[in-house]
Amino acid sequence: MKLSLRLPAFLSPRQHSAGTDTARAVNRLMRPAATTRELDPVLIWSALTLLLIGLVMVYSSSIAIAEGSRFTGHQSHYFLLRHGIYLSLGVALGLLAFQVPLGRWQQAAPWLFMAGVLLLVLVLIPGVGREVNGARRWLSLGPVNLQPSELMKVFAALYAADYTVRKLDAMASFKRGFLPMLGVIILVGFLLLAEPDFGAFVVVSVIAFGVLFLGGVNVRLFSVLVVMALIGFVLLIWLSPYRRDRIFGFMDPWQDAFGRGYQLSHALIAFGRGEWFGVGLGGSVEKLFYLPEAHTDFLLAVLAEELGFVGVLTVVMLFALLVHRAFAIGRDAIKLERYFAGLVAQGIGLWIGVQSFINMGVNMGLLPTKGLTLPLMSFGGSGIVANCLALAILLRVDWENRQVMRGGRA
């Protein structure tokens, strides 16, 4: 069935028309590799390499913390074992998710999003949600904790893509195309800020409205949204004392290096000690109880100290490859008139790209301190599982693209 609706701006004028010839698009996309490969090797190897580097660095950065804590039983391999279990679980669930056709994901997208909202509500109920360091972000499930905000990132990418496809003919309308999504994101934002989890709110907002933009939302409406969002974020930061202190600490961490600038100052020391090739794997000093959250939020700082500029550059390039392939796969799907699949792929690319950029910027002192982990690498069960699910869906989009290009069905 042909759609005669406005498509994203990156398509050519011929592809904008209702008479787009799918066979011609297939011929343009055909490559020699497509006849021998079922999946994108660059995407697979970049993701696997990041996961394995993350496993090694989680162990290296957490040894001192694990040995010095009663909670871990003074076992140096405590976090390594747990991260390995989370990674195995994520890969297993990813393999299952890969078997699900994109059509089924589209049908389930609204229900998954509603389930995510319900989980965010449950987290805020006293006695149900688990509070750590003043934040209520986790649901206790026996030996493990579930962080619904991580799953919401997957659900947001699916729901935004489904919403955009359903509303393609209303994307130019503020009332019918833009306002409903705005209302939904405000609801989710209210729940996330109540935890509080400002970082997750930023990422979910970028995913949702980024997918709307890629789907062809009215440019003027989108520009107004960007301005309103910037004003809203400034107000949220300024009206919150602890967020305001983070901004001041970011502007000059050395002014109060033992207070609000503590994390950033020690992250910068770690980068400085690493120089070009690092002090060697396992040789970090900052992870010895100097740098807080060394195995989660500031994993990159430990990596910079131990592997140096070369190690950091390698990680940046791997993330750049992964995000590039996500957008390329999304463009291929859209050229094949698989609009939902294409927008999902690009939504996942936005998520991984924005979150990794924010985490790296925080570690390098380019952005204010924010509690966002490094995707695919940092310690955290819910985050690793959500990342693996997103990668599995992205690989499914790529696989279905290749089946269509061979003349088969998705």
* Does any pair with a residue in residues 340-353 pass salt bridge (charged side-chain N to carboxylate O under 4.0 Å, His left out), and if so which ones, sequence neighbours excluded? -> none
* Structure fact -> To the nearest 0.5 Å, atom CG of L299 lies from atom CE of M57 at 5.5 Å
Which donor-acceptor pairs under 3.5 Å do the side chains of residues 199-211 make with protein atoms, sequence neighbours left out?
unit_1	atom_1	unit_2	atom_2	d
S205	OG	F201	O	2.8

* Just grab all the salt bridge (charged side-chain N to carboxylate O under 4.0 Å, His left out) pairs involving residues 139-160, residues at least two apart or on different chains. => E150-K153
* **Counterpart residues, ring-ring contact (aromatic ring centres under 6.0 Å, His included), relative to Y159 (two or more places apart)** => F113
* Measure the shortest side-chain to side-chain distance between I63 and L80 over non-hydrogen atoms and say whether it is less than 4.5 angstrom. => no
* Structure fact -> Here the salt bridge (charged side-chain N to carboxylate O under 4.0 Å, His left out) pairs for residues 289-311, sequence neighbours left out, are R273-E305, K287-E306
* Residues two or more places apart in sequence or in another chain: which of them pass side-chain hydrogen bond (donor to acceptor under 3.5 Å, both in side chains) with R130? -> none
* To do: Show your working on side-chain hydrogen bond (donor to acceptor under 3.5 Å, both in side chains) between Q403 and E38 and close with a plain yes or no.
  => CA-CA 8 Å; Q403 304 311 304; E38 290 288 336; 2.9 Å; yes
* To do: Working to the nearest 0.5 Å, report the span between CZ of F98 and CD1 of I393.
  => 11.5 Å
* So, do I53 and L303 sit near enough that their side-chain heavy atoms are less than 4.5 Å apart? -> yes
* Is there side-chain contact between E131 and R137, with heavy atoms separated by less than 4.5 Å? -> no
* Asked: Any side-chain heavy-atom pair from L112 and W105 closer than 4.5 angstrom?
  -> yes
* Should W351 and N387 count as side-chain neighbours, where that means a heavy-atom distance under 4.5 Å? -> yes
* Search all heavy atoms of S46 against all heavy atoms of V42 and return the closest pair with its distance. => OG-O, 2.8 Å
* Asked: Quick one: does N401's side chain have a donor or acceptor within less than 3.5 Å of a partner on I329's backbone?
  -> yes
* **Side-chain heavy atoms of W399 within contact of R402, under 4.5 Å** => no
* Of V123, L139, D197, which meets side chain to side chain contact (heavy atoms under 4.5 Å, CB included) against Q147? -> D197
* Any residue meeting ring-ring contact (aromatic ring centres under 6.0 Å, His included) with F309, in chain and number order, not counting sequence neighbours -> W276
* Distance (rounded to the nearest 0.5 Å) between T164 OG1 and Y339 OH -> 13.5 Å
* To do: Any chance you could measure I44, atom CD1, to T49, atom OG1, to the nearest 0.5 Å?
  => 11.0 Å
* To do: Find out whether L343 and D162 are in side-chain contact, i.e. whether some heavy atom of one side chain is under 4.5 Å from a heavy atom of the other.
  => no
* To do: Kindly write out the residues that satisfy side-chain hydrogen bond (donor to acceptor under 3.5 Å, both in side chains) with Y86, not counting sequence neighbours, or none if the list is empty.
  => R82
* Under the ring-ring contact (aromatic ring centres under 6.0 Å, His included) test, which residues partner Y163, sequence neighbours left out? -> none
* Asked: Quick check: does any side chain N or O of S69 sit under 3.5 Å from a backbone N or O of A66, one acting as donor and the other as acceptor?
  -> no
* Is there a side-chain contact (heavy atoms from CB on, under 4.5 Å) between K167 and L212 once you walk through the steps? -> CA-CA 10 Å; K167 298 281 188 174; L212 279 182; over 6 Å; no
* Structure fact -> Between the CD1 atom in I269 and the CG atom in L291, the distance rounded to the nearest 0.5 Å is 9.5 Å
* **Heavy atoms of other groups near Y290 OH, more than 12 under 6.0 Å** => no
* Between S60 and L281, does a side-chain contact (heavy atoms from CB on, under 4.5 Å) hold up when you go through it step by step? -> CA-CA 7 Å; S60 177; L281 186 62; 4.3 Å; yes
* Asked: Taking all non-hydrogen atoms of both residues, which atom of L394 and which atom of A326 are closest, and how far apart?
  -> CD2-CB, 3.8 Å
* **Euclidean distance, L367 CG relative to M360 CE, rounded to 0.5 Å** => 12.0 Å
* Do any N or O atoms from the side chain of R396 and from the backbone of L102 form a donor-acceptor pair under 3.5 angstrom? -> no
Donor-acceptor list for residues 372-379 side chains, cut-off 3.5 Å, not counting sequence neighbours:
unit_1	atom_1	unit_2	atom_2	d
S378	OG	T296	O	2.7
S378	OG	L374	N	2.9

* Checking side-chain contact (heavy atoms from CB on, under 4.5 Å) for the pair R331/Q346: CA distance, chi angles, key distance, verdict? -> CA-CA 8 Å; R331 284 196 300 269; Q346 295 183 342; 3.6 Å; yes
* Asked: Would R136 and E195 satisfy salt bridge (charged side-chain N to carboxylate O under 4.0 Å, His left out), going step by step from the backbone distance to the final call?
  -> CA-CA 5 Å; R136 192 184 297 274; E195 295 184 4; over 6 Å; no
* **Partners meeting side-chain hydrogen bond (donor to acceptor under 3.5 Å, both in side chains) with E275 (sequence neighbours left out)** => none
* Asked: Should L93 and V385 be marked as a side-chain contact (heavy atoms from CB on, under 4.5 Å) after you check the CA-CA gap, both sets of side-chain angles, and the distance that decides it?
  -> CA-CA 8 Å; L93 292 176; V385 169; 3.8 Å; yes
* Asked: How far apart are the closest heavy atoms of F298 and P292, and which atoms are they?
  -> CD1-O, 3.6 Å
* Asked: Is there a side-chain contact between L43 and L39, using heavy atoms and a 4.5 Å cut-off?
  -> no
* To do: Identify the heavy atoms of L120 and S149 that sit nearest to each other, and give their distance.
  => CD2-N, 4.0 Å
* Asked: What pair of heavy atoms forms the shortest contact from V302 to S61, and how long is it?
  -> CG1-CB, 3.9 Å
* List the atom of A304, the atom of V312, and the distance in Å for their closest heavy-atom pair. => CB-CG2, 3.5 Å
* ring-ring contact (aromatic ring centres under 6.0 Å, His included) with F340: which residues, sequence neighbours excluded? -> none
* Asked: Within the distance-only criterion (no hydrogens, no angle test), does the side chain of N359 pair as donor or acceptor with the backbone N or O of Q355 below 3.5 angstrom?
  -> no
* Asked: Out of D332, D40, D398, which residue meets the salt bridge (charged side-chain N to carboxylate O under 4.0 Å, His left out) rule with R325?
  -> D40
